[in-house]
Colleague: 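My questions all concern the structure below.
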Number of protein chains: 2
Amino acid sequence: MIREQLTLPAPEALAAFLNRHTRTRDCLVQVAGLAEVTYRGRAASTADVGTYLVLVKQDGSLQIHHPTGIKPMNWQPKTDELLARVDEDVCMLLASRRSPLELVQVVFLLPQVALALELQEAGAFVLSGSEAQMQETLARTPELIEPGLRVLDRELLVESGGIDLYAQDGQGRFVVVELKRARATQHAVSQLGRYVRSVQGTLPVGAVVRGILAAPSITGPARVELERRGLEFREISAIPTLATHREGTQPSLFD
Amino acid sequence: MIREQLTLPAPEALAAFLNRHTRTRDCLVQVAGLAEVTYRGRAASTADVGTYLVLVKQDGSLQIHHPTGIKPMNWQPKTDELLARVDEDVCMLLASRRSPLELVQVVFLLPQVALALELQEAGAFVLSGSEAQMQETLARTPELIEPGLRVLDRELLVESGGIDLYAQDGQGRFVVVELKRARATQHAVSQLGRYVRSVQGTLPVGAVVRGILAAPSITGPARVELERRGLEFREISAIPTLATHREGTQPSLFD
DNA sequence: TGTTAAATTTCGGGA
DNA sequence: TCCCGAAGTTTAACA
């Protein structure tokens, strides 16, 4: 599982180690120790000397972690070129990509540990509770939104984006449904308003188009904005929360 | 730097290791090997048996990485309780938090390596090219947006939402400026429209309020929506790109 | 490639 | 705590 481990490697040894493993791309490589990091691209950043953990995955993605926080201090999601070299007696790692043009440079001042790990078999991963799943469920059983509702389309593309559910109500009026897996904000109201307007543009003047925001809850300001625009809210408790699972009382849409 | 390292630890040894180091919170702890991961909270997920890398930072944040990709497969940004225990002869790690109520469970089926790293001194980190910085620059020199513009306020709070720059033009008309550090989308146009409407609501009926979207570029659909609403676009090349730095020709706002 | 929107988004700021 | 908005957001889907 540990393919190779170096302790307090010399600059040349570290550079050789990094180039060897990033070239074969069959290991997750990490280096921990004193380093400096600079980034230039969509923005620019510098991290002064500190102890960081550098991870290079098999796909060439790079992340540099500081002691706290879930997010890396610096990163490169995809790398076109990954190169380690020795310059002025220190090992440095350069990770660059085009589109967008960006460069992350790590200067290893005092590398303490370098580790190459075989991390090959990823198991199947299943996520439940996404908006996509909510959409599937509601497309199958639109009466959860409103009795008599018939779904005409999903992800219907209009000029301003994609309508989650496009439907017709019991009275034959067209209905635009915007789904949110979590509490709906003013942003969601803006989206819904935009879609309703787009649909109205395709229909004869005066045709009624309803807009429904379906979510487990809505913020106060969002509800005000919603009502100002003549749109509607439907509470859809969608997500299988830890609480409901524990108590085992509330059957959810996604069990 | 390496505080402790275990190879192929027994379940009890691994549990003791994890509890010891997560309790003292002075090390970044990692375990690599065969594991299963389940998550329940805002959503739910399961990852079948595979080789993963588990990181626990000093602040109790947890991330579980699979072989590729910049993002962790599972994570917990903050942990209220972090506990390792042995159950049915395997070591499992439980990371939970309240608000939102979430639980990540890692079952270590075959831990290969466990490592406790001292990762203490983080150096100063400076980022340039943020929208906040763009706002500061334009507040000082609003003529970059338009000659004669006077800035009245920054981050002016209107009914839910902050106006980046609130200003008055040469003719005394009020101006709402929305900034984007990157290409502006329909979302930005929605924001600007919302703020302009809010400001109009506080002024006598008929008062003119201009809305300006200031960004390095704008998407096609966003420009259409912008013009439909009678709003304006100003190109502000704000970000110090790698290209401009390399060629050294284009002086940017943020040098 | 361009555009849009979701995300277990995370993170920070203000009321 | 709620709410909003930025982010080097990342990622996926679709024209």
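What you see is a predicted model; the values in this text were computed from it and never measured. All chains are named by letter (A, B, ...) in the order of the sequence lines, taking the proteins before the strands, and each is independently numbered beginning at 1.
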Colleague: Nearest whole angstrom, please: distance from the P of D/dG5 to the CD of B/E159.
Modeller: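 So the two atoms are 11 Å apart, to the nearest Å.
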Colleague: So does B/Y195 get a side-chain nitrogen or oxygen closer than 4.0 Å to the phosphate oxygens (OP1/OP2) of D/dC4?
Modeller: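 For D/dC4, neither OP1 nor OP2 has a side-chain N or O of B/Y195 closer than 4.0 Å.
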Colleague: Below the 4.0 Å mark, does D/dT9 have OP1 or OP2 next to a side-chain nitrogen or oxygen of A/R42?
Modeller: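 For A/R42, the contact criterion (side-chain N or O under 4.0 Å from OP1 or OP2 of D/dT9) is met.
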Colleague: Inspect the surroundings of CZ in B/R197 and state if more than 12 heavy atoms from other residues, nucleotides or ligands are less than 6.0 Å away.
Modeller: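 At most 12 heavy atoms, drawn from other residues, nucleotides or ligands, come within 6.0 Å of this atom.
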Colleague: What does B/P100 touch in the nucleic acid at a heavy-atom separation under 4.0 angstrom: a base, only the sugar-phosphate, or nothing?
Modeller: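 Nothing, no nucleic acid heavy atom in range.
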Colleague: In whole angstrom, give the distance that lies between atom CD of A/E155 and atom P of D/dA12.
Modeller: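 Answer to the nearest Å: 16 Å.
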Colleague: If you compare every side-chain N and O of A/T185 against the phosphate oxygens of D/dG5 (OP1, OP2), does one of them come in below 4.0 Å?
Modeller: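 Answer is no, no contact under 4.0 Å.
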Colleague: Quick one, B/S96 and B/L103 - any side-chain contact, counting heavy atoms below 4.5 Å?
Modeller: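 They are in side-chain contact.
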Colleague: Any idea how A/Y166 and A/F174 line up, ring-wise: parallel (<30°), tilted (30 to 60°), or perpendicular (>60°)?
Modeller: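 If you compare the ring of A/Y166 with that of A/F174, the planes turn out parallel.
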Colleague: For A/E178, which contact category applies under a 4.0 Å heavy-atom criterion: base, sugar-phosphate, or nothing?
Modeller: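 Answer is sugar-phosphate: A/E178 comes under 4.0 Å of backbone atoms only.
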Colleague: What is the separation between atom NZ on B/K78 and atom P on D/dT1, rounded to the nearest whole Å?
Modeller: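 About 10 Å, once rounded to whole Å.
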Colleague: Can you see if the side chain of B/Q191 gets near the phosphate of D/dA6 - specifically, an N or O under 4.0 Å from OP1 or OP2?
Modeller: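 The answer is yes; a side-chain N or O of B/Q191 sits under 4.0 Å from OP1 or OP2.
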Colleague: Would you classify A/Q186 as touching base, sugar-phosphate or nothing, given that sugar-phosphate means primed atoms plus P, OP1 and OP2, and contacts are heavy atoms under 4.0 Å?
Modeller: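 Since only primed, P, OP1 and OP2 atoms lie under 4.0 Å of A/Q186, the category is sugar-phosphate.
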Colleague: We want to know whether A/Q58 and A/Q120 form a side-chain donor-acceptor pair, criterion being a heavy-atom distance below 3.5 angstrom.
Modeller: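 No, no side-chain donor-acceptor contact under 3.5 Å.
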Colleague: At less than 3.5 Å, do the side-chain atoms of A/Q76 and the base atoms of D/dG8 form a donor-acceptor pair?
Modeller: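 Check passes, donor-acceptor contact within cut-off.
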Colleague: Out of D/dA6, D/dT10, C/dT3, which nucleotide sits closest to the side chain of B/I70?
Modeller: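 Nucleotide nearest to B/I70's side chain: D/dT10.
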Colleague: Without decimals, in angstroms, what is the distance between A/N74 CG and D/dT9 P?
Modeller: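 Spelled out: CG on A/N74 to P on D/dT9 is 13 Å.
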Colleague: Return no unless some side-chain N or O of A/R183 is found under 4.0 Å from OP1 or OP2 of D/dC4.
Modeller: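 A/R183 to D/dC4 OP1/OP2: no side-chain N or O under 4.0 Å.
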Colleague: With DNA chain D as reference, determine whether B/G69 or A/H187 sits nearer its 5' end, using the nearest nucleotide of each.
Modeller: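 In this pair, the answer is A/H187.
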Colleague: Rounded to whole Å, please give me the gap between CD in B/Q133 and P in D/dG8.
Modeller: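 Computing the B/Q133:CD to D/dG8:P distance gives 12 Å.
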Colleague: With a non-hydrogen cut-off below 4.0 angstrom, is B/Q63 in contact with a base, only sugar-phosphate, or nothing?
Modeller: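 No contact.
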Colleague: Using a cut-off of strictly less than 4.0 Å, decide whether B/W75 has a side-chain nitrogen or oxygen near OP1 or OP2 of C/dT9.
Modeller: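 Negative; the distance criterion is not met.
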Colleague: For B/Y39 and for A/R194, locate the closest nucleotide of DNA chain C by heavy-atom distance; then report the residue assigned to the nucleotide nearer the 5' terminus.
Modeller: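 Nearest nucleotide further toward 5': that of A/R194.
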Colleague: Does D/dG8 have OP1 or OP2 under 4.0 Å away from a side-chain N or O of B/S130?
Modeller: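 No, B/S130 has no side-chain N/O under 4.0 Å of OP1/OP2 on D/dG8.
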Colleague: When all nucleic acid strands are considered with a 4.0 Å heavy-atom cut-off, which category describes A/S45: base, sugar-phosphate, or nothing?
Modeller: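 Counting heavy atoms under 4.0 Å across all strands, no contact is made by A/S45.
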Colleague: Could you tell me how far apart B/L62 (CG) and C/dT9 (C1') are, to the nearest whole angstrom?
Modeller: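 Taking CG of B/L62 and C1' of C/dT9, I get 16 Å after rounding.
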Colleague: For A/Y52, run the side-chain contact (heavy atoms from CB on, under 4.5 Å) check against A/H65, A/E36, A/M73 and tell me which one passes.
Modeller: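 Passing option: A/M73.
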Colleague: Quick check on C/dT9: is either OP1 or OP2 less than 4.0 Å from any side-chain nitrogen or oxygen of A/R181?
Modeller: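 Checking C/dT9 against A/R181, a side-chain N or O does come within under 4.0 Å of OP1 or OP2.
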Colleague: The side chain of B/P221 is closest to which nucleotide in this list: C/dT3, C/dA6, D/dG8?
Modeller: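 The listed nucleotide nearest to B/P221's side chain is C/dT3.
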Colleague: So do the side chains of A/R154 and A/L165 get within less than 4.5 Å of each other, counting heavy atoms only?
Modeller: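 Contact flag for A/R154/A/L165 side chains = yes.
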Colleague: OP1, OP2 of D/dT11 versus side-chain N and O of B/K71: anything below 4.0 Å?
Modeller: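 Answer no for this pair, as no side-chain N or O of B/K71 is under 4.0 Å from OP1 or OP2.
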Colleague: Quote, to the nearest angstrom, the C1' distance that separates D/dT10 from D/dA6.
Modeller: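 After rounding to an integer number of Å, I get 14 Å for this pair.
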Colleague: Separation of B/D164 atom CG from C/dG13 atom P, in whole Å?
Modeller: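 Taking atom P of C/dG13 as the reference, CG of B/D164 is at 15 Å.
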Colleague: If I take atom CG in residue A/L156 and atom P in nucleotide C/dA5, what distance separates them, rounded to the nearest angstrom?
Modeller: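 These atoms are roughly 13 Å apart.
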Colleague: If you pin A/L179 and B/L157 to their nearest nucleotides in DNA chain C, which one's is more 5'?
Modeller: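 The 5'-side residue here is A/L179.
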Colleague: On DNA chain D, nearest-nucleotide positions of A/G220 versus B/F125: which is more 5'?
Modeller: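 The residue mapped nearer the 5' terminus is A/G220.
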Colleague: Taking the side chain as C-beta and beyond, is there a heavy-atom pair between A/R229 and A/S190 under 4.5 Å?
Modeller: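 Yes, their side chains come closer than 4.5 Å.
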